[in-house]
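Atoms within each ligand, like the ligands themselves, are counted from 1 in listed order.
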Amino acid sequence: MNQIILRKPDDMHIHLRQGGLLENVLEQTVKQVARAIVMPNTAPAIETVNALTAYRQEINESLKRINSKAGKQYTFEPLMTFKVGPHMTAQTIKELKAAGATAGKIYPQGVTTNSEEGVKDFKALYPIYEAMSNENLVLCIHGEIPSAFCIDREKEFLPIFKQIAKDFPKLKIVLEHLTTSAAVELVEESPKNVAGTLTVHHLLTTLDDIIGGSLRPHLFCKPLPKHSSDKENLRRAAVSGNPKFFLGSDSAPHLVENKECDCGAAGVYSAPVLLPLLIDIFQQENKLDKLESFTSQFGAEFYNLPLNQETMALTQNTWTVPDKMHGIVPFFAGQKLKWKVVES
Ligand code: DOR
Ligand code: ZN
């Protein structure tokens with residue numbers, strides 16, 4: 001078998017950034033996915049109807065330029081999100097939904113890139129969860145307690161997550177970028193309103209890869225990858241065929257100078273290598289038959305979206321991931337990959 005044809009995937013968690021960076025990053029993304037849940041931690045963050053509308057327009061205009069430069073017809077639908085904050089009211093939520101928002105995202109304060117203004121009191125947001133539930137908006141949560149010891153941050157957030165899911169049984173909630181066996185178990189045990197996204201980098205790395213030998217800043221991300229036993233459980237969840245687990249790459253590009261410095265930024269730029277790596281993982285697990293549901297079905301179903309009708313092809317054609325792409329070091333930089341996206 002040297003070709004794989006897939007229903008075009010959805011990436012249910014991506015950082016596209018803004019300005020020139022956005023255009024370069026988006027070009028990589030549209031080759032591999034047809035839709036993506038676009039994270040709102042821009043600077044300033046997406047918190048209002050105006051900001052959401054302007055950001056969607058910026059993405060769509062970038063897409064037009066990408067297509068006209070390349071003479072292609074990539075289609076891509078950005079699924080817009082807003083950052084949930086205590087200042088919001090039921091009316092703001094209604095307006096954001098009417099403006100086309102798909103989901104709202106919670107960043108605990110200080111947890112990651114541009115989250116200084118994040119949430120401190122999760123209970124204080126109960127009226128907002130209620131409003132989101134009424135509007136059929138999905139709540140996406142970065143599940144970490146920033147003040148906890150770095151590798152315990154996700155585990156310590158789980159009781160809060162469990163309580164929110166219990167108190168809002170009609171609200172769809174996604175625990176984003178799972179990194180621990182405990183988080184996988186919680187999602188498995190939770191009712192149907194709960195799902196979990198999995199990134200490619202957390203299926204492939206452990207904390208040892210980042211700090212166990214030399215420091216590898218381009219693998220540094222939040223939440224931190226954990227132990228190999230956690231990685232094994234994440235992989236098991238990804239290939240399980242359980243619809244509660246689907247792809248959310250958390251591809252998070254940062255310019256090389258913002259990674260290779262004192263106080264380097266967190267984030268792995270996986271967009272250019274997403275599908276080639278996923279095929280490898282599913283093949284290694286002998287579960288290639290479960291790939292398409294993970295990338296292109298379960299996420300759409302959870303978000304109540306029609307399945308993409310477009311397909312994409314990948315061939316076995318060894319290539320080397322560039323050391324640097326538009327000022328960013330991508331995941332697997334300089335390494336050979338077996339599968340390559342066929343550009344349509
Ligand atoms: O590593 C990360 N980078 N984790 C996040 O949650 C945010 C992201 C970013 O925006 O850079
Ligand atoms: Zn993210």
Taking only heavy atoms of [X], which atoms of ligand 1 are found under 4.0 Å from at least one of them?
X	value
Ala252	3 (N), 8 (C), 9 (C), 11 (O)
His142	6 (O)
Cys221	1 (O)
Asn41	9 (C), 10 (O)

Any N/O pair Lys222/ligand 1 closer than 3.5 Å: yes

Close N or O approach (Phe220, ligand 1; < 3.5 Å): no

Ligand 1 contact on Asp250 by region, counting heavy-atom pairs under 4.0 Å: side chain

Part of His254 with heavy atoms under 4.0 Å of ligand 1, whether side chain, backbone, both or neither: side chain

Shortest-distance N, O or S atom of Asp250 relative to the Zn ion (ligand 2): OD1

Phe168 and Tyr126 aromatic ring geometry - parallel, tilted or perpendicular at 30°/60° bounds: perpendicular

Whether His177 and His13 hold their rings parallel, tilted or perpendicular, with breakpoints at 30° and 60°: tilted

Do me a favour and list the nearest non-hydrogen protein atom to [atom] with residue, atom name and distance?
atom	value
atom 5 (C) of ligand 1	Thr112 OG1, 3.1 Å
atom 3 (N) of ligand 1	Ala266 O, 2.9 Å
atom 9 (C) of ligand 1	Thr113 OG1, 3.2 Å

Arg7 side chain vs Asn308 backbone, donor-acceptor pair below 3.5 Å: yes

N/O donor-acceptor pair under 3.5 Å between Lys340 side chain and Asn317 backbone: no

Output field: ring centroids His326/Tyr269 closer than 6.0 Å: yes

Aromatic contact, Tyr303 with Phe298 (centres under 6.0 Å): no

Ligand 1 contacted by Glu176 (non-hydrogen, < 4.0 Å): no

Close approach, Arg17 and ligand 1, non-hydrogen under 4.0 angstrom: yes

Phe282 six-ring face occupied by Lys290 cation (under 6.0 Å, within 45°): no

Test item: side-chain donor near acceptor, Asp280 and Gln284, under 3.5 Å: no

Flag if over 12 foreign heavy atoms under 6.0 Å of NZ, Lys338: yes

His142 near the Zn ion (ligand 2) via N/O/S, less than 2.8 Å: no

The Zn ion (ligand 2) to nearest N/O/S of His15 less than 2.8 Å: yes

Side-chain touch Lys192/Lys244, heavy atoms, less than 4.5 angstrom: no

